[in-house]
Amino acid sequence: MEDKKHGEEQLCTLEKRGNLFFLTLTGAGEHRLNPNLISSLRSALFRLQSDPSASSSSALITTAHGKFFSNGYDLDWAQSSEPRLQLMSSSLRSLVHDLICLPMPTIAAVTGHASAAGMMLALSHDYVVMRRDRGFLYMSEVDIGLVIPNWFMALMMSKIGDPRARREAVMRAAKLTAEDGVRIGVVDSAHDGAEATVAAAAELGEALVARKWDGHVYAGNRRVVLREVLEAVGYDETVTKVADKAGSKL
């Protein structure tokens with residue numbers, strides 16, 4: 001299963017292995033989050049939900065090829081154009097909404113760097129497992145002169161309970177290793193190498209599938225737990241400010 005149309009570059013694949021769906025950002029690039037990539041990811045999730053087995057005894061694992069899980073928004077594509085930034089932001093917020101409403105457990109297998117919006121993509125999953133020997137979780141905004149959107153903070157607050165840990169991530173722009181992520185509670189486990197990280201995600205996925213939860217009930221409970229996040233993703237107040245930062249990158 002893949003999101004490739006005639007004449008288009010393949011941006012992601014969706015593969016079912018037993019009870020698990022693997023959504024993979026393909027290629028060795030930075031997996032910058034522009035509308036094309038986000039549309040491909042949303043299309044894959046739509047097709048996943050069209051599978052008759054998707055809401056019963058299934059789990060989703062999202063991972064990526066190369067040294068990046070995702071290096072954030074594609075501001076080179078946006079070229080500081082406010083309409084493009086609005087499209088990029090609304091597209092990602094829709095993807096996050098899709099993940100929160102997906103009728104199955106979700107796991108991000110972070111095998112490379114996840115920066116800013118890329119970190120938000122990872123945190124939009126129920127669980128995060130991460131490669132310990134390469135890659136950082138990095139909220140870069142204060143380093144590059146940008147203010148993070150309120151919805152970023154709402155998502156971080158739902159995932160990182162300790163305000164000191166949130167300060168470290170946001171106000172110091174700490175480059176968090178997998179071990180750091182485990183320490184502050186944003187990463188569930190750390191593993192040696194990409195293969196071991198994906199294998200750990202699969203093991204966790206199988207354990208969750210074995211509980212035989214009703215997927216729609218599971219998603220309903222997630223929506224309750226993340227109610228503030230769902231409310232926050234409806235709006236991004238920072239788009240106009242970002243448009244004034246020519247050449248900046250999230």
Side-chain angles (χ1 to χ4, degrees), residues 25 30-34 37-38 41 62-64 66-78 80 85 88-93 95-97 99-100 106 108-132 134-188 190 226 228-229 232-233 235-245 247-250:
L25 285 67
E30 296 184 10
H31 309 301
R32 290 275 182 175
L33 293 166
N34 56 48
L37 175 54
I38 296 169
L41 294 170
T62 303
T63 190
K67 64 182 291 187
F68 292 93
F69 180 79
S70 171
N71 206 20
Y73 277 139
D74 189 350
L75 292 184
D76 283 345
W77 171 85
S80 301
L85 287 164
M88 192 161 57
S89 170
S90 64
S91 297
L92 179 60
R93 287 182 282 120
L95 174 60
V96 170
H97 183 277
L99 285 166
I100 292 174
T106 59
V110 178
T111 56
H113 303 297
S115 301
M119 182 171 169
M120 294 301 100
L121 175 60
L123 296 190
S124 298
H125 294 72
D126 299 323
Y127 301 89
V128 177
V129 299
M130 187 172 173
R131 179 177 181 170
R132 65 159 53 91
R134 185 174 73 188
F136 299 106
L137 301 176
Y138 174 41
M139 295 302 294
S140 60
E141 286 80 359
V142 71
D143 279 344
I144 61 175
L146 296 177
V147 176
I148 69 170
N150 285 329
W151 76 265
F152 276 30
M153 201 66 233
L155 182 56
M156 292 194 70
M157 290 181 72
S158 76
K159 303 291 182 172
I160 306 176
D162 186 344
R164 292 170 299 179
R166 294 197 297 268
R167 180 183 63 194
E168 182 178 359
V170 177
M171 302 308 299
R172 296 187 65 183
K175 293 182 177 180
L176 302 170
T177 64
E179 300 289 359
D180 293 330
V182 171
R183 171 177 56 82
I184 70 172
V186 71
V187 172
D188 294 282
L226 299 179
E228 292 85 359
V229 178
V233 296
Y235 180 67
D236 182 350
E237 74 290 347
T238 66
V239 168
T240 300
K241 296 176 183 177
V242 174
D244 295 331
K245 294 287 184 178
S248 296
K249 296 181 184 294
L250 279 177

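The heavy-atom pair separating Val229 from Ala154 by the smallest distance is CG2-O, 3.6 Å. Here the closest heavy-atom approach between residue Ser115 and residue Asn71 is recorded as OG-OD1, 3.1 Å. The two residues Ala116 and Glu141 have their closest heavy-atom pair at CB-OE2, 3.3 Å. The heavy-atom pair separating Ala173 from Val142 by the smallest distance is CB-CG1, 3.5 Å. Here the shortest heavy-atom pairing between Ile38 and Leu92 reads CD1-N, 3.7 Å. Minimum heavy-atom separation, Ala122 to Val128: O-CG2, 3.6 Å.
The stretch residues 145-163 participates, sequence neighbours left out, in these salt bridge (charged side-chain N to carboxylate O under 4.0 Å, His left out) pairs: Asp162-Arg164.
Here NE2 of His113 is found 12.0 Å from OG of Ser70. Values are rounded to the nearest 0.5 Å. Within the model, atoms CG of Leu41 and CG of Leu95 stand 5.5 Å from one another, a figure rounded to the nearest 0.5 Å.
At distances below 3.5 Å, at least one donor-acceptor pair connects side-chain atoms of Arg132 with backbone N or O atoms of Ala190. Side-chain atoms of Thr111 come within 3.5 Å of backbone atoms of Ala64 as a donor-acceptor pair (strictly under, hydrogens ignored). The backbone N or O of Leu226 lies less than 3.5 Å from no partner atom in the side chain of Ser158, so there is not a single donor-acceptor pair. Checked by atom type and distance alone, the side chain of Glu237 pairs as donor or acceptor with a backbone atom of Asn150 at under 3.5 Å. At distances below 3.5 Å, not a single donor-acceptor pair connects side-chain atoms of Ser89 with backbone N or O atoms of Leu85. Although no hydrogens or angles enter the test, the distance criterion places no donor-acceptor pair under 3.5 Å between the side chain of Arg167 and the main chain of Arg172. Looking at Arg93, its side chain does come within 3.5 Å of a backbone N or O of Val233 through a donor-acceptor pair. Here the side chain of Thr62 pairs no donor or acceptor atom with the backbone of Ala108 at under 3.5 angstrom.
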>> Go through it in stages, so that I can follow the logic: the residues are Met156 and Leu123, the test is side-chain contact (heavy atoms from CB on, under 4.5 Å), and I'd like the CA-CA distance, side-chain angles, deciding distance and then a yes or no.
In response: CA-CA 8 Å; Met156 292 194 70; Leu123 296 190; 4.3 Å; yes

> Checking side-chain contact (heavy atoms from CB on, under 4.5 Å) for the pair Arg131/Val110: CA distance, chi angles, key distance, verdict?
Replying inline: CA-CA 6 Å; Arg131 179 177 181 170; Val110 178; over 6 Å; no

> Could you walk me through whether Tyr73 and Asn34 pass the side chain to side chain donor-acceptor pair (under 3.5 Å) check?
Replying inline: CA-CA 6 Å; Tyr73 277 139; Asn34 56 48; over 6 Å; no

> Under the side-chain contact (heavy atoms from CB on, under 4.5 Å) criterion, do Val96 and Met120 qualify, and how do the steps go?
Replying inline: CA-CA 8 Å; Val96 170; Met120 294 301 100; 5.6 Å; no

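Contact annotation: the side chain of Met130 never approaches that of Glu179 to less than 4.5 Å [non-hydrogen atoms, C-beta and beyond]. Considering only heavy atoms from C-beta on, Phe152 stays 4.5 Å or farther from Thr238 through its side chain. At least one side-chain heavy atom of Trp77 sits less than 4.5 Å from a side-chain heavy atom of Met88. Side-chain atoms of Leu25 and Leu37, non-hydrogen and from C-beta on, do get closer than 4.5 Å to each other. In this structure the side chain of Leu155 reaches within 4.5 angstrom of the side chain of Ser124, judged on heavy atoms. Contact annotation: the side chain of Asp76 never approaches that of Arg32 to less than 4.5 Å [non-hydrogen atoms, C-beta and beyond]. Using a 4.5 Å heavy-atom cutoff, the side chains of Lys67 and Glu30 are not in contact. No side-chain heavy atom of Phe136 sits under 4.5 Å from any side-chain heavy atom of Leu176.
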Run the side-chain donor-acceptor check on residues 180-187: report pairs under 3.5 Å with partners two or more places apart or on a different chain.
residue, atom, partner, partner atom, Å
Asp180, OD2, Thr177, N, 3.0
Asp180, OD2, Thr177, OG1, 3.1
Arg183, NH2, Glu168, OE2, 3.2

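Legend: residues meeting salt bridge (Lys or Arg N to Asp or Glu O under 4.0 Å) with Asp74, ordered by chain and number and at least two apart, are absent.
Two rings, from His31 and Phe68, have their centers 6.0 Å or more apart.
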